[in-house]
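What follows is a short report on a single structure.
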Amino acid sequence: MSESSNKITYFLAGASIGALVALLFAPKSGRELRSDISDATRRGIDYTTESAKSLGEKASHLYTSGREKTSELYSLSKEKASHLLESGKGLLDEQRDRVAAAIEAGKQAYRDKKAEALALNPKETTDSEPAL
């Protein structure tokens, strides 16, 4: 319970006790006193019932509002996570393609140098060189 609702509760309890004491010390007949106590009790019950309904409505509204905001945040975070995942996959594919192109360029450079070396010195054999 919050501090303000505690203050309201204490205020209502004090007001009820004060009203009861005032009624007991008032110079009235028994029937009038019982009627006044009964009326004060009914008013207190009515006020408490109305306060409880109001509090219930506020709690329901806060719950609904919180639930909607939570759903919105969940959807937004899900979209962002999906977007980040797709971006990561794209970067991974791009890097894989770059590495494959670099390996292929290295192989081609090796073949070119090998062909160039064979063209300059046709007598060398290529049996001792590794195959790619």
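For clarity, every value in this text was computed on a predicted model and none was experimentally measured.
Here H61 contributes atom NE2 and K58 contributes atom NZ; the two are 10.5 Å apart, rounded to the nearest 0.5 Å. Interatomic distance, OH of Y63 versus CD of E68, reported as 11.0 Å (0.5 Å rounding). In this structure, the separation between OG on S60 and CD on E57 is 8.0 Å, given to the nearest 0.5 Å. The distance from atom CD of E79 to atom OG of S77, rounded to the nearest 0.5 Å, is 9.0 Å. Atoms CD1 and CD, on I103 and Q108 in that order, are 14.5 Å from each other to the nearest 0.5 Å. Atom CZ of residue R42 and atom OG of residue S38 lie 3.5 Å apart, to the nearest 0.5 angstrom.
A distance-only check finds no donor-acceptor pair linking the side chain of S82 to the backbone of K78 [under 3.5 Å].
Note on D46 versus R43: no salt bridge recorded, every NZ/NE/NH1/NH2 to OD/OE distance being 4.0 Å or above. In summary, R98 and E104 do not engage in a salt bridge, as defined by a charged side-chain N under 4.0 Å from a carboxylate O.
In this structure, F11 is a member of the same hydrophobic cluster as Y47, with clusters built from ILVMFWY side-chain heavy atoms closer than 4.5 Å.
S35 and R31 share no side-chain donor-acceptor pair at under 3.5 Å.
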